[in-house]
Amino acid sequence: VAPLTSLTAGVIAGAVEATITYPTEYVKTQLQLQRKASNLAATASPSAAKPFTGPWDVVVRTVRARGFFGLYRGLSALVIGTATKAGVRFLVFDQIKAMLADKEGKVSAGRMVLAGLSAGVVEAIVAVTPTETIKTKLIHDQNQPNPRYKGLIHGTRMIVRESGIRGIYQGVTTVIARQGANSAVRLSAYGMIRERVLHLSKKDSIPWYTTFGIGAIAGIITVYTTMPLDVLKTKMQALDARERYKNSADCLVKVVKEEGVLALWKGATPRLGRLIFSGGIVFTVYEEVISVFRTLGL
């Protein structure tokens, strides 16, 4: 796949996927932040201090308090970030996979994992860390008695003004670890399953619904193997992270000590919902866009 084609298809796929699945990302982040948000709001509002009982409770209370579009708070940052990171992810993955392929064009499982890991590290630095940090801070700010951020642009300006560029790269270590692991698992799982399906079908291509199913399976595998890194990433990007945690290792120790080991899988249900659909959507859209480009001779 040509670099520009891979990048463009990835950007389109990422934007579509983020827009459709964002509410599940919002719910997941709220569940991961709720303990701190509750403590910070306790002195101002008893209702705000009441912890969420689960994903559905987040949805009901958010819609009741802020309307349906309250579930889309922080969407702009994630759409921009997801479109960018998907473009970078597919570009890097396709190019490195091509470099690691043997003479017959085949890539071993180990090399496919390496290509996915490389793609994850690059996208974490280029796009994921700043956009995820901003998204997390926007959602966390919404939980405060007196929210300060009026939107994406205003919030970003305030974060940079108060903390510098470092403020939007908060938790970069955990993001690199999570994104590297995410892409290594997700892309390699998708690639290996797809190659197997193509081999069994003895065809050069597979229908979109099969691609969707393979992407969904890759998403399920990714959630349960990388969830602890996602939780640590969210904790490290919260508004009070610098006061609470010295570094990622300190964050891990405190989360386990204060909330228990299972807290490392907090928010897994909404994230599972998102990655099942996002995996299906992003790979399906990507493959279909590539197919269109090939038909047009691009």
Quick one: side chains of residues 150-157, donor-acceptor pairs under 3.5 Å with protein atoms, not counting sequence neighbours, listed by atom name and distance.
residue: H154; atom: ND1; partner: K150; partner atom: N; Å: 3.1
residue: T156; atom: OG1; partner: L152; partner atom: O; Å: 2.7

Q: For Y286, check ring-ring contact (aromatic ring centres under 6.0 Å, His included) against everything at least two apart and list the hits.
A: F90
Q: Could you please spell out the steps behind the salt bridge (charged side-chain N to carboxylate O under 4.0 Å, His left out) verdict for E287 and R194?
A: CA-CA 12 Å; E287 297 289 358; R194 185 173 185 276; 3.5 Å; yes
Q: Taking ring-ring contact (aromatic ring centres under 6.0 Å, His included) as the test, write out the residues that go with F93, two or more places apart.
A: none
Q. In the hydrophobic clustering that connects Ile, Leu, Val, Met, Phe, Trp and Tyr at side-chain heavy-atom distances below 4.5 Å, which members other than L100 occupy its cluster, ordered by chain and number?
A. V88, V92, I96, L114, V122, V126
Q: Not counting sequence neighbours, which residues clear salt bridge (charged side-chain N to carboxylate O under 4.0 Å, His left out) with K254? List them please.
A: D250
Q: Name the orientation class of the two ring planes belonging to Y72 and F68 (parallel below 30°, tilted from 30 to 60°, perpendicular beyond 60°).
A: tilted
Q: Begin with the C-alpha distance, continue with both residues' side-chain angles, and end with the deciding distance and a verdict on side chain to side chain contact (heavy atoms under 4.5 Å, CB included) for I281 and I20.
A: CA-CA 9 Å; I281 293 167; I20 293 174; 3.9 Å; yes
Q. Going by side-chain heavy atoms closer than 4.5 Å, which hydrophobic residues are tied to L200, directly or by a chain of links?
A. none
Q: Would you please name every residue forming a salt bridge (charged side-chain N to carboxylate O under 4.0 Å, His left out) with R186, sequence neighbours left out?
A: none
(Q) Using every non-hydrogen atom in the two residues, find where L71 and Y26 come nearest and quote the distance to one decimal. (A) O-CB, 3.4 Å
Q: Before accepting this row, confirm whether a basic side-chain N of the pair E25/R271 lies closer than 4.0 Å to the acidic partner's carboxylate O.
A: no
Q | From CZ (R178) to OG1 (T129), nearest 0.5 Å | A | 8.5 Å
**Q.** For I276, all residues meeting side-chain contact (heavy atoms from CB on, under 4.5 Å), sequence neighbours excluded
**A.** A216, I220, L272
(Q) Checking one residue: V253. Which other hydrophobic residues are in its cluster under the side-chain 4.5 Å linking rule? (A) none
Q. At their closest point, which heavy atom of A18 faces which heavy atom of L75, and how far apart are they?
A. O-CD1, 4.2 Å
Q) With a 3.5 Å cut-off and no angle check, do the side chains of D94 and S6 form a donor-acceptor pair? A) yes
(Q) Which label fits F212 and F277: parallel for a plane angle under 30°, tilted from 30 to 60°, or perpendicular past 60°? (A) perpendicular
Q: Mind checking salt bridge (charged side-chain N to carboxylate O under 4.0 Å, His left out) for E17 and listing every partner two or more places apart, or none if nothing turns up?
A: R274
Q: Linking directly or through intermediates, with side-chain heavy atoms under 4.5 Å: list the remaining ILVMFWY members grouped with V128, chain and number order.
A: V175
(Q) Among residues at least two apart in sequence or on other chains, which ones pass salt bridge (charged side-chain N to carboxylate O under 4.0 Å, His left out) with R148? (A) E162
(Q) Could you see if L91 belongs to whatever hydrophobic cluster contains I176? Use Ile, Leu, Val, Met, Phe, Trp, Tyr and a side-chain cutoff under 4.5 Å. (A) no
Q.
Could you report the tightest heavy-atom contact between T82 and G14, atom names first, then the distance?
A. CG2-O, 3.2 Å
Q: Can you measure from CG (L198) to CZ (R196) and round to the nearest 0.5 angstrom?
A: 11.5 Å
